[in-house]
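Whatever order the structure lists ligands and atoms in, that order sets their numbers, starting from 1. We number each residue from 1, following the sequence as shown.
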Amino acid sequence: MTDKEMAQRLKELRETIDFYGYQYYTLDKPTITDYEYDMLYRELENIEKAHPEWITADSPTQRVGHKIAGGFKKYTHDRPMLSLGDVFNDAELMDFDRRVRQDLDGEAPEYVVELKIDGLAVNLIYEDGSFIRGVTRGDGTVGEDITNNIRTIRTVPLHIDNAPPHMEVRGEVYMPVRAFEALNEQRREDELEPFANPRNAAAGSLRQLDPQITAQRKLAFFAYAVGGTIGMAIGSQQELLQRLRDFRFHVNPESAVFTNMTGVIDFIHTWDEGRRTLPYATDGMVVKVNSFAQQKRLGNTVKIPRWAIAYKFPPEQARTKVLGISLSL
Ligand SMILES: CC(C)(CNC(=O)c1ccc(Oc2ccccc2)cc1)c1ccc2c(N)nc(N)nc2n1
């Protein structure tokens, strides 16, 4: 093959491998066998070995980097990563709805309701469609640069087609329950302290200085927001979630839209039961005004939006009985 043909083949292989990886990890619907995938991947590695000058950070071969010297660098988010106010019962949800309708001069907004995944909020920065930096939420303004660890998460796209020049995608890094149980099984065998819950396991895995270890922890990512507008005509949270799916992000499939708070409350109660069968841990639901125009009118305080609220589920009833008294954590 001439260099020109090889460079062309490299481009095809990257696109093909990205696509099959997306089908396998994000859609969970592979259309080729693992063997066929491995053959394509090996062909790409061989071309990059022959031409290391052609290797770019968003190549599928660059997911697992090397240990960084020293600790994680601090990074300031371009736009704040807002956190959420909490409510704990139906009456408080009704209060939220009343306040929103008041501030919208009597308009009754549509609400989007999303699961609140029990993981860590992160900010993913893309320039011209390439993933260039991953940052923890931190205090909402300054977080830690954990790019090399985020890169190991297979459901985080390293390259996005037709993306705007600069885009910040927010979402939750989490550890699926089965990966959590297998990890703790292994830690008990190695006489290491098991993690208390999937959230702590995800946090501990993201804080590894060696990405080779993070890569073994089977972390995953759900996208749910962007930092500010992404320069595209998107009018609502529902449209944004679809746009994120179009960009091949894994967006949690359980969200729904309601025209009143009664529907929201029913939906939340069905998930307070249903969530126990999910393959990932949740600690609540997030209720958001759907329209971006109405979100803008409602605005946010320094730290939290006035157009969104987190409904927190009661903590799991501890199963362990101590001296015959059941502990609720
Ligand atoms: C609503 C938002 C706070 C994200 N939104 C933002 O972070 C955000 C940040 C700046 C924005 O625009 C601004 C631009 C400049 C200044 C201020 C805001 C808009 C949204 C949020 C937080 C946590 C969530 C969670 N755990 N689960 C789900 N499912 N959704 C969640 N949604």
Side-chain angles (χ1 to χ4, degrees), residues 75-87 93 96 100 109-126 134-143 155 164 166-175 197-199 202-203 206 219-232 234-245 249-258 264 267-268 271-272 274-275 278 280-313:
Y75 185 81
T76 303
H77 303 297
D78 287 5
R79 296 193 188 301
M81 282 187 73
L82 303 174
S83 49
L84 290 164
D86 291 340
V87 294
L93 277 173
F96 171 72
V100 163
E110 269 189 339
Y111 288 112
V112 173
V113 188
E114 302 166 10
L115 290 178
K116 190 171 181 300
I117 309 302
D118 200 6
L120 284 98
V122 295
N123 189 21
L124 308 185
I125 300 164
Y126 290 81
V135 189
T136 62
R137 188 183 167 286
D139 63 7
T141 307
V142 180
T155 44
H166 176 87
M167 178 165 74
E168 293 191 9
V169 175
R170 276 91 195 269
E172 206 81 4
V173 170
Y174 66 97
M175 185 178 289
N197 54 55
R199 189 197 176 289
L206 276 182
L219 295 174
F221 174 75
F222 279 126
Y224 51 65
V226 288
T229 60
I230 40 177
M232 294 195 284
I234 296 179
S236 72
Q237 176 63 11
Q238 191 182 25
E239 286 167 52
L240 175 63
L241 293 176
Q242 185 49 48
R243 197 56 176 254
L244 288 169
R245 286 191 189 95
F249 284 97
H250 197 191
V251 175
N252 190 275
E254 309 303 347
S255 59
V257 181
F258 298 92
V264 168
F267 186 65
I268 287 177
W271 278 110
D272 195 0
R275 69 197 182 103
L278 288 169
Y280 42 81
T282 60
D283 62 348
M285 308 282 288
V286 182
V287 182
K288 302 175 180 179
V289 167
N290 191 26
S291 150
F292 281 176
Q294 290 180 333
Q295 287 185 13
K296 203 165 163 53
R297 283 164 60 192
L298 292 161
N300 33 268
T301 68
V302 174
K303 283 272 182 191
I304 60 170
R306 287 200 189 88
W307 40 265
I309 198 81
Y311 177 96
K312 302 298 286 273
F313 290 130

Can you name the closest pair of heavy atoms from A308 and K288 and give their distance?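 It is CB-CG, 4.0 Å.
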So is [X] touching ligand 1 or not, going by heavy atoms under 4.0 Å?
| X | value |
| --- | --- |
| I304 | no |
| A121 | no |
| K288 | yes |

Pairwise side-chain contact, V287 with V87, heavy-atom cut-off 4.5 Å (strictly under): no
Within the 4.5 Å heavy-atom criterion, are W271 and L115 side-chain neighbours or not? yes
What do you reckon, does L115 have a nitrogen or oxygen under 3.5 Å from a nitrogen or oxygen of ligand 1?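 Yes: some nitrogen or oxygen of L115 is under 3.5 Å from one in ligand 1.
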Does the N or O separation between E114 and ligand 1 drop below 3.5 Å for any pair? yes
Who passes side chain to side chain donor-acceptor pair (under 3.5 Å) against D118, sequence neighbours left out?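 D118: no side chain to side chain donor-acceptor pair (under 3.5 Å) contacts found.
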Under 30°, 30 to 60°, or over 60°: which ring-plane class applies to Y174 and F222, parallel, tilted or perpendicular?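 If you compare the ring of Y174 with that of F222, the planes turn out parallel.
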Pick whichever of [options] has a heavy atom sitting closest to [atom].
| atom | options | result |
| --- | --- | --- |
| atom 17 (C) of ligand 1 | D118, L120, N300 | N300 |
| atom 4 (C) of ligand 1 | A225, G299, S255 | A225 |
| atom 25 (C) of ligand 1 | Y224, F222, W307 | Y224 |

Report, in ascending order of atom number, the atoms of ligand 1 lying under 4.0 Å from any heavy atom of E172.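 Numbered from 1, ligand 1 contributes 26 (N).
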Checking side chain to side chain donor-acceptor pair (under 3.5 Å) against Y224, which of E172, R170, K116, E114 comes through?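 Filter result, single survivor: E172.
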Using a heavy-atom cut-off of under 4.0 Å, does the side chain or the backbone of L82 touch ligand 1, or both, or neither? both
List for me each residue that meets ring-ring contact (aromatic ring centres under 6.0 Å, His included) alongside F96, sequence neighbours excluded, and say none if there are none.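 In terms of ring-ring contact (aromatic ring centres under 6.0 Å, His included), with neighbours along the sequence ignored, F96 is linked to no residue.
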